[in-house]
Number of protein chains: 2
Amino acid sequence: MTNPHNVAPRRATITDVAREAGTGKTSISRYLNGELSVLSPELRARIEAAIERLDYQPNQMARGLKRGRNRLIGMLVADLTNPYSVEVLQGVEAACQALGYMPLICHAANEVEMERRYLQLLTTYRVEGVIVNALGVREETLRPVGEGGIPAVLVDRMVDGLVADMVGLDNTAAVELATHHLLERGFDDIWFVVQPFERVSSRRLREAAFRAAIGGQARARGHTVVLELGDAAALEQTLAELDHAVDAAFEVSPGVTLHLAAGAAPDVTPGVSVDLAHGTRSDANPSLRADTAQAAAGAGTRRVALFAANAPVALCLARHLNARHGARWQERIALLSVDDPEWAEFAGITTIRQPTYQIGYRAVEFLHERIDGVESAARDCLLPGELIVRASTSR
Amino acid sequence: MTNPHNVAPRRATITDVAREAGTGKTSISRYLNGELSVLSPELRARIEAAIERLDYQPNQMARGLKRGRNRLIGMLVADLTNPYSVEVLQGVEAACQALGYMPLICHAANEVEMERRYLQLLTTYRVEGVIVNALGVREETLRPVGEGGIPAVLVDRMVDGLVADMVGLDNTAAVELATHHLLERGFDDIWFVVQPFERVSSRRLREAAFRAAIGGQARARGHTVVLELGDAAALEQTLAELDHAVDAAFEVSPGVTLHLAAGAAPDVTPGVSVDLAHGTRSDANPSLRADTAQAAAGAGTRRVALFAANAPVALCLARHLNARHGARWQERIALLSVDDPEWAEFAGITTIRQPTYQIGYRAVEFLHERIDGVESAARDCLLPGELIVRASTSR
DNA sequence: CTGTTAGCGCTTTCAA
DNA sequence: TTGAAAGCGCTAACAG
């Protein structure tokens with residue numbers, strides 16, 4: 001043991017090295033910063049030896065303090081439980097490595113208050129920029145970020161009141177791709193399932209794109225269902241409604257379709273369906289019923305498909321369907337999802353795979369430019385998704 | 001816009017605040033550090049106002065530099081893709097929050113070289129301690145960590161040459177629990193599937209515990225199979241061998257059992273099985289065959305179960321079984337796994353759930369004590385796992 | 001109660 | 001080529 005007395009072996013400082021090498025701090029600093037050409041080979045050798053002997057490692061904090069930049073960037077992640085986030089993170093890490101940054105990863109665990117705290121913390125550590133994938137932050141929270149503050153780039157979603165570069169999936173194109181796939185395969189009664197929008201722009205965009213994509217199709221019907229994953233009671237109820245809809249499609253005779261009881265809801269809230277085909281919003285809570293008066297234009301049984309807006313929703317649905325219909329539910333019920341988690345293949349669900357790695361990489365590149373002083377207007381980088389067809393929609 | 005000329009709006013410093021409040025830096029510092037009792041209400045008010053006006057936020061780097069401690073701790077994670085790691089992380093975050101630390105999360109993406117780099121980086125940022133969940137680090141790598149260096153605590157696994165506190169699952173008890181469960185349910189031909197041991201102690205421990213648990217049972221047979229997830233070719237071959245074994249068990253008539261061709265392998269390497277019942281190690285590559293000469297003591301068909309050493313292995317097996325036997329493979333093949341990923345319920349596999357949150361929380365507590373100067377010998381904290389029985393072993 | 005002073009470990013003029 | 005000295009933003013004696 002090199003430290004027999006348990007004396008805290010204070011790390012060597014630049015002063016120690018200078019003394020050990022019999023020179024001044026300046027030369028050590030020069031050596032550290034690669035200004036080797038100005039050092040005599042002899043001195044350089046002594047410095048090298050001293051550093052080695054003392055196991056010296058420069059203190060980044062001090063360097064940062066002096067230089068005014070510390071090569072730290074913050075990465076605020078709303079939910080590391082979501083494989084999407086981890087994948088994006090890999091891209092971020094790779095880019096940081098390439099560009100010489102150290103990412104400080106902050107995990108807000110889906111809590112807005114956490115996001116606020118972390119953003120604040122990152123700020124006090126004087127990170128040079130932040131990559132934000134947040135649930136939703138209030139105006140006040142992001143005062144230090146964005147224009148006038150430290151550079152920021154948004155991932156996957158906009159944040160109200162924050163003008164900044166953004167990179168993410170081309171939601172509109174992706175959802176169109178998916179919807180057309182479903183229509184092509186003959187599904188004409190599509191239920192789009194999404195978490196409460198809150199401040200997450202991508203959820204809104206996807207839902208809007210779905211609505212638009214299906215709106216033009218005369219025969220098809222689209223519905224939006226909001227699933228509140230965090231609330232067990234609400235969840236159960238909403239799932240029951242979906243079950244009802246799915247079952248009805250199987251039971252109903254040709255020429256008959258479903259719709260929801262009419263009624264005007266002020267906004268889309270959990271458990272509420274929006275019946276796109278008729279442009280009306282209906283509260284589904286009371287009950288769902290088959291209605292022969294609303295027969296579809298074409299004849300034949302409606303073919304139902306579930307369209308999950310992201311992986312967490314898809315997981316919830318898959319679990320539920322599995323419990324309700326057994327292991328072969330895929331053969332009976334079509335499920336498609338944006339996001340392609342690792343269990344998707346095995347569950348046999350069709351997905352839109354996001355270019356997660358590139359999203360993360362690109363985010364850092366954007367940030368790097370801003371840190372370097374680029375002043376252009378906020379830019380968006382929308383990357384395309386890829387459709388992966390699996391058993392669940394192959395009928 | 002507050003910054004019309006795009007002048008970098010240099011953040012206010014303590015000096016600025018002092019000037020603004022018409023006082024000295026010391027008072028500001030005192031205010032910042034909560035020494036409110038020594039400040040006259042009047043001065044205090046002026047300071048508050050100045051801070052507010054300047055939107056001042058103390059620079060943590062500078063504080064850290066001065067105080068010699070920065071409340072930063074490093075968390076080195078081998079693989080964020082593994083849900084286990086993310087769960088542990090949540091515990092770490094919660095504890096950090098409670099104890100006033102800021103965790104710097106480093107993701108090594110299963111690359112030893114990355115682990116080395118990050119450990120080095122953390123060191124230069126002068127973190128006060130590190131929590132290490134690494135694949136395997138060479139001696140040289142961890143010189144700055146452990147005794148004589150910054151305090152460290154290991155999660156889930158020991159690291160050769162690093163004497164430090166450790167917290168993780170009680171592998172022996174957990175594997176015993178699982179094995180007994182399988183035996184109770186009548187499975188008597190159990191295949192333990194594990195990734196290459198490398199330097200990961202928990203893998204070794206689990207395998208050893210399995211071996212021990214099954215060794216005492218006269219009727220049961222245990223085998224160890226090493227699955228190399230990263231190597232597609234090796235993977236395929238090993239899976240084929242497992243298939244063969246599983247199939248054979250179904251085809252074989254009562255009183256007949258399987259064993260592997262005899263032969264001595266120097267160590268357990270991918271694709272190699274260890275036949276526990278006979279204490280011999282056999283290279284399974286050539287072929288697997290039924291051998292009536294080695295009939296089991298009891299009569300009746302062997303009931304096969306697969307025992308995955310962790311979630312990544314379980315996922316690989318589940319995917320494979322799903323592809324090979326269809327969606328209802330659980331009814332045919334028993335699969336049990338250490339780790340309880342979110343898809344486990346839905347896949348219907350029995351698992352040992354680890355107390356991940358506590359593991360993370362405890363790790364930080366250990367570290368905190370070390371940082372506070374506790375000098376006792378290295379401690380181990382082994383937490384119990386919980387058996388979750390699902391369809392796959394319920395026959 | 002309040003301010004002055006001397007650094008923390010490092011970089012960077014500016015002279016030598 | 002080299003080094004002395006002046007800070008970066010902050011805290012902690014030590015005086016008033």
Side-chain angles (χ1 to χ4, degrees), chain A residues 8-48 50-51 54-72 123-128 144 150, chain B residues 8-48 50-51 54-72 123-128 144 150:
Chain A
R10 192 183 58 80
R11 294 219 65 108
T13 74
I14 200 173
T15 311
D16 300 327
V17 179
R19 193 187 319 107
E20 179 81 12
T23 177
K25 302 193 293 179
T26 314
S27 297
I28 311 298
S29 176
R30 292 204 175 104
Y31 177 85
L32 260 26
N33 292 292
E35 298 170 46
L36 302 175
S37 54
V38 286
L39 294 175
S40 70
E42 193 269 334
L43 178 53
R44 179 173 159 182
R46 264 159 48 214
I47 294 179
E48 243 149 27
I51 288 180
L54 268 36
D55 187 23
Y56 170 68
Q57 300 195 261
N59 181 331
Q60 291 296 343
M61 295 300 181
R63 302 181 99 174
L65 181 57
K66 183 66 203 172
R67 287 213 262 233
R69 38 182 327 191
N70 52 22
R71 307 257 81 187
L72 252 29
T123 268
T124 71
Y125 276 103
R126 297 293 189 272
V127 295
E128 297 185 36
I150 55 181
Chain B
R10 191 184 57 83
R11 293 218 65 109
T13 75
I14 201 174
T15 311
D16 299 328
V17 179
R19 194 188 316 110
E20 180 81 12
T23 178
K25 301 195 293 180
T26 313
S27 296
I28 312 297
S29 177
R30 291 203 176 104
Y31 177 85
L32 258 27
N33 292 292
E35 299 170 43
L36 302 175
S37 53
V38 286
L39 293 176
S40 71
E42 194 269 334
L43 178 53
R44 180 174 160 182
R46 263 158 51 214
I47 294 178
E48 241 150 29
I51 287 180
L54 268 38
D55 188 24
Y56 170 69
Q57 300 195 259
N59 181 330
Q60 292 296 344
M61 296 298 180
R63 304 181 97 173
L65 180 59
K66 180 67 202 172
R67 289 213 260 231
R69 40 184 321 192
N70 51 24
R71 307 257 81 188
L72 252 28
T123 267
T124 70
Y125 275 103
R126 295 294 188 272
V127 295
E128 297 185 34
I150 54 181

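As a basis for the values below, the full set of heavy atoms in this structure was taken, side chains included, without hydrogen atoms, waters or symmetry mates.
For S37(A) and K25(A), each mapped to the nucleotide of DNA chain D holding its nearest heavy atom, the one lying further toward the 5' end belongs to S37(A). Toward the 5' end of DNA chain C, the nearer of the two residues K66(B) and G24(B), judged by each one's closest nucleotide, is G24(B).
The shortest distance between side-chain heavy atoms of D55(A) and R11(A) falls below 4.5 Å. Side-chain contact between V17(B) and Y31(B): absent, with no pair of heavy atoms (C-beta onward) separated by less than 4.5 Å. Residues L72(A) and M61(B) form a side-chain contact, since some pair of their non-hydrogen atoms from C-beta on lies under 4.5 Å apart.
Straight-line distance from the CZ atom of R46(B) to the C1' atom of dC1(C): 12 Å, rounded to whole Å. Computed from coordinates, the E42(A) CD to dT2(D) P distance equals 8 Å when rounded to whole Å. Taking atom CZ of R19(A) as the reference point, atom P of dG3(D) lies 15 Å away to the nearest angstrom. dG7(C) atom P lies 20 Å from atom CZ of R67(B), rounded to whole Å. Between E35(A) atom CD and dT11(C) atom P the separation is 10 Å, expressed in whole Å. As a whole-Å value, the separation of R71(A) CZ from dT11(C) C1' is 16 Å. Spacing between atom CE of M61(A) and atom C1' of dC10(D) amounts to 14 Å, rounded to whole angstrom units. For I47(A) and dG3(D), the CD1 to C1' distance is 12 Å, given to the nearest whole Å.
Side-chain atoms of N70(B) come within 3.5 Å of backbone atoms of Y125(B) as a donor-acceptor pair (strictly under, hydrogens ignored).
The side chain of Y125(A) contributes no N or O atom lying less than 4.0 Å from OP1 or OP2 of dG9(D). Contact annotation: S40(A) side-chain N/O to dT2(D) OP1/OP2 distance is under 4.0 Å. The side chain of N59(A) places no N or O atom within less than 4.0 Å of a non-bridging phosphate oxygen (OP1 or OP2) of dC8(C). Contact between the side-chain N/O atoms of S27(A) and the OP1/OP2 oxygens of dG3(D) is found at a separation under 4.0 Å.
Nucleic acid contact for Y31(A): none, since no nucleic acid atom lies under 4.0 Å from a heavy atom of the residue. Contacts of I28(B) with the nucleic acid, taken as non-hydrogen atoms under 4.0 Å apart, are absent. Here L39(B) lies in heavy-atom contact (under 4.0 Å) with sugar-phosphate atoms only.
Put simply, the side chain of R30(A) and the base of dG3(D) share a donor and an acceptor less than 3.5 Å apart. Applying the 3.5 Å distance criterion, the base of dT11(C) shares no donor-acceptor pair with the side chain of T26(A).
Minimum interatomic distance between G22(A) and R46(A) (heavy atoms only, all atoms of both residues): O-NH2, 3.1 Å.
Closest approach to the P58(A) side chain among dC10(D), dC10(C), dT11(D) is made by dC10(C) (side chain taken as heavy atoms from C-beta onward). Distance from the side chain of V38(A) is smallest to dT2(D) among dT2(D), dT11(D), dA6(D). Distances were taken from every side-chain heavy atom of T23(B) (C-beta onward) to each of dG3(C), dT11(C), dG3(D); the shortest belongs to dG3(C).
Here CD of Q60(A) is found 8.5 Å from CZ of R126(B). Values are rounded to the nearest 0.5 Å.
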